[in-house]
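The block underneath contains the structure these notes are about, expressed in structure tokens.
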Number of protein chains: 2
Amino acid sequence: MDVIGHTPAGGAPRGRSASIWDVARVAGVSQQTVSRVINGKARVSEATRAKVLQVIAELGYRPNRLAQALAGGPARSVTVLTSDTALYGAAATLRGMEEAARRAGFSVGISVLEPDLEPAEVVLRLNRPGEAVMVIAFDDVGVRVLRALPPDVPVAAAVERRPGEGAGHSAGHSAGHSADAEPWQIWLDDRAAAAHATRYLLGLGHRTVHYVAIPSSTSALAQRTQGWREALFAAGRPRPEPLQGGWSPRSGYLAVRSLLADRSVTAILCGNDDLALGVMRAAREAGREVPGDLSVVGFDDSPQSAFMNPSLTTVRLDFEGLGRACFGLLHRRLDPEAAPAVPVWSEPELIVRESSGPAPS
Amino acid sequence: MDVIGHTPAGGAPRGRSASIWDVARVAGVSQQTVSRVINGKARVSEATRAKVLQVIAELGYRPNRLAQALAGGPARSVTVLTSDTALYGAAATLRGMEEAARRAGFSVGISVLEPDLEPAEVVLRLNRPGEAVMVIAFDDVGVRVLRALPPDVPVAAAVERRPGEGAGHSAGHSAGHSADAEPWQIWLDDRAAAAHATRYLLGLGHRTVHYVAIPSSTSALAQRTQGWREALFAAGRPRPEPLQGGWSPRSGYLAVRSLLADRSVTAILCGNDDLALGVMRAAREAGREVPGDLSVVGFDDSPQSAFMNPSLTTVRLDFEGLGRACFGLLHRRLDPEAAPAVPVWSEPELIVRESSGPAPS
DNA sequence: TCTATGGATGTTATCGGTCACACGCCAGCG
DNA sequence: CGCTGGCGTGTGACCGATAACATCCATAGA
């Protein structure tokens with residue numbers, strides 16, 4: 001195979017698509033000049049630049065990102081590590097991340113973390129040492145992976161709670177983003193949201209509120225659980241043990257089945273909307289009416305919740321915004337000068353619908 | 001917190017992680033021999049292989065996939081092109097694809113196709129010319145992208161229907177996969193499933209069945225719509241115009257709102273479960289009882305459908321299996337010798353629950 | 001007129017691998 | 001004893017880019 005042989009259409013050797021060399025040859029300049037035009041960094045005369053751009057268009061040339069990355073060009077790819085792409089929260093966060101990354105010209109990789117994954121082995125999934133990573137760490141696998149990541153990989157993470165955070169603090173719109181120890185973590189104020197939902201239910205006259213928890217991401221008390229408990233404590237109400245649920249409607253259904261025989265249970269807060277769906281079915285089967293007999297409140301505001309029967313009172317969480325902000329954080333970390341400001345995301349917001357109402361008299 | 005692959009002992013120059021050269025030097029062989037050991041292709045003496053493997057472990061060496069791909073190594077990455085990662089069908093398919101790809105040692109990229117995307121521009125998102133691609137083409141953007149893909153990119157796609165397919169044919173378990181014109185497309189037998197669901201409703205005594213369609217992926221009649229119509233035709237029943245819905249519960253709700261005033265409408269088949277959810281809500285608001293007054297059947301068997309109120313009769317589709325099979329197809333295409341057989345996936349199956357029942361007398 | 005200056009461009013090394021081919025060695029064979 | 005043929009291994013080119021450094025040329029200052 002000849003090295004710089006002639007080419008059919010004046011472009012690339014047969015089969016291969018145009019490379020920077022092909023462009024350089026046709027434009028009558030060196031490949032370095034083409035590189036300069038592409039990256040727009042160094043100065044190139046206007047005439048040369050125009051010529052090169054024209055040849056690029058003619059040949060349909062497109063820089064090979066692999067080669068760029070190999071040669072030490074700026075980072076232009078991220079890998080998202082997440083547990084379950086089918087869960088609404090994770091899926092929505094992923095969508096936000098992907099959108100923001102794509103807009104910034106990054107290519108996005110994805111790797112799903114199985115529950116039995118050995119955290120240290122995730123590095124083997126990266127395309128190269130030092131590849132940038134975003135972790136959706138809403139569960140314990142995610143958190144463990146996050147912890148096991150070598151210090152040389154640039155990372156930003158959407159987490160359930162900020163490890164070691166003291167009292168809740170939120171600076172205006174940007175709840176959860178601070179500049180100390182690990183400024184590359186980002187989260188929603190689950191605790192405040194859970195407390196808010198709990199107070200809402202108490203305000204409806206319920207004696208207390210029960211809670212069905214999603215799996216915790218850490219050994220410590222989950223933020224939602226904590227917010228719920230704090231609200232009960234502050235109001236001087238009984239604090240029942242939280243029920244442990246999973247992520248699915250079925251797990252919510254199973255978790256509360258036995259509880260519902262107790263008519264004194266009149267309000268249940270759920271760790272997500274799917275759990276709430278399962279809880280409402282269990283309630284029907286137990287002969288309890290929602291909301292007449294029993295108020296149910298969910299978390300997440302999934303697309304279905306407004307159409308459930310009864311429609312679900314829930315806490316709307318801006319997962320997409322969180323995902324976008326997470327990428328923003330990573331971007332600033334990778335390229336402090338060029339990266340735009342981290343976009344804001346919305347505070348959790350209680351959406352009152354049909355599934356909650358006054359306590360039965 | 002010591003991590004595998006982090007801080008090589010005496011291998012690599014400061015900062016950089018170990019390369020094939022470092023391994024070669026420490027092991028006292030050439031880098032080509034290391035490459036042979038890694039890829040396991042060519043024959044290497046047992047002693048040498050052991051020595052190299054040991055050094056690899058010591059240094060925490062990990063091959064750089066970028067460099068491998070650049071140098072023309074075997075394809076070990078795929079990019080999935082899909083429209084909306086939040087929709088159940090697409091999300092489940094993606095999950096199947098990712099799982100299968102990861103298991104086969106592929107890294108998975110993802111790129112979301114916005115509705116207003118210029119199909120020809122997707123090639124710009126690929127990491128290199130000729131990168132392998134999987135398309136989830138359940139809607140028209142996906143189909144257009146699929147069509148616009150240059151012939152040199154290896155592709156496999158999960159599609160709604162097989163373009164130009166004549167009468168339904170299925171070879172044993174592998175409905176929809178044949179070896180002619182475009183053997184890299186894969187699909188579920190939507191038409192048969194829709195026909196089956198329609199016959200089921202007619203069998204319950206309904207005079208006819210109405211249909212709320214998801215957006216079609218082509219200008220031609222969608223497979224689900226067609227199956228529905230054929231079943232009605234075969235049974236000699238009236239064939240009402242299909243109602244056009246979107247993907248969301250809201251669109252289902254809006255699509256049928258006016259229809260429900262007509263009490264002669266007693267059975268509605270929906271293009272997906274979300275639409276069905278919206279339809280059931282519209283029914284409630286119109287004072288129609290499900291299933292007493294009105295039977296509703298969905299499509300997909302999303303995780304929520306079993307817990308809706310009433311629980312939803314629906315057609316279970318094996319999206320994950322479809323995704324796995326799609327990757328299988330691609331894998332065989334990329335590497336006919338090494339790739340395992342394409343895994344099978346399940347046929348659509350009608351799951352009867354509470355939302356359907358005998359026609360009102 | 002000679003030279004310092006700086007913008008525009010070319011040259012060479014490098015990134016971390018794979019591939020095609022050459023080479024040395026030892027056994028089997030005529 | 002010389003040839004042939006595998007097997008195990010090393011060598012050099014190449015993949016498609018970027019970075020550092022070298023070079024060329026024109027213009028301005030001495």
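Not measured: the values here are computed from a predicted model. Atom set for the values below is all heavy atoms of this structure, side chains included, hydrogens, waters and symmetry mates excluded.
For the salt bridge (charged side-chain N to carboxylate O under 4.0 Å, His left out) test, no residue two or more places apart in sequence or in another chain qualifies with A/Arg43. Not counting sequence neighbours, the partners of B/Gln54 by the side-chain hydrogen bond (donor to acceptor under 3.5 Å, both in side chains) test are B/Glu58. Here B/Asp140 pairs with B/Arg144 under the salt bridge (charged side-chain N to carboxylate O under 4.0 Å, His left out) rule; sequence neighbours left out. Looking at residues two or more places apart in sequence or on another chain, you find no side-chain hydrogen bond (donor to acceptor under 3.5 Å, both in side chains) involving A/Arg76. With sequence neighbours excluded, no residue forms a side-chain hydrogen bond (donor to acceptor under 3.5 Å, both in side chains) with A/Thr85. With sequence neighbours excluded, no residue satisfies side-chain hydrogen bond (donor to acceptor under 3.5 Å, both in side chains) with B/Gln68.
Judged as a ring-ring contact (aromatic ring centres under 6.0 Å, His included), not a single pair has a partner in residues 38-73 of chain A (not counting sequence neighbours). Applying the ring-ring contact (aromatic ring centres under 6.0 Å, His included) test to every pair with at least one member in residues 93-118 of chain A, sequence neighbours left out, gives these pairs: A/Phe106-A/Phe327, A/Phe106-A/His331.
Between the side chain of B/Arg102 and the backbone N or O of B/Val108 there is no donor-acceptor pair closer than 3.5 Å.
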Each nucleotide N or O in nucleotides 23-28 of chain C that has a protein N or O under 3.5 Å away: list the pair and distance.
none

If you look only at distance, which donor and acceptor atoms sit under 3.5 Å apart when one is on a side chain in residues 123-139 of chain B and the other is two or more places apart or in another chain?
from     : atom 1 : to       : atom 2 : distance (Å)
B/Arg125 : NH1    : B/Ser111 : OG     : 2.8
B/Arg125 : NH1    : B/Val112 : O      : 2.8
B/Arg125 : NH2    : B/Glu114 : OE2    : 2.7
B/Asn127 : OD1    : A/Ser107 : OG     : 3.2
B/Glu131 : OE1    : B/Ser77  : OG     : 3.1
B/Glu131 : OE2    : B/Thr79  : OG1    : 2.5
B/Asp139 : OD1    : B/Ser83  : OG     : 3.1
B/Asp139 : OD1    : B/Gly142 : N      : 3.1
B/Asp139 : OD2    : B/Ser83  : OG     : 2.7

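Taking five base pairs at each end of the helix from C/dT1-D/dA30 to C/dG30-D/dC1, the local helix axes there meet at an angle of 60°, rounded to 10°.
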Any chance you could list the contact pattern along nucleotides 9-17 of chain C? Use B for base contacts, S for sugar-phosphate-only contacts and - for none, protein heavy atoms under 4.0 Å, 5' to 3'.
BBBB--BBB
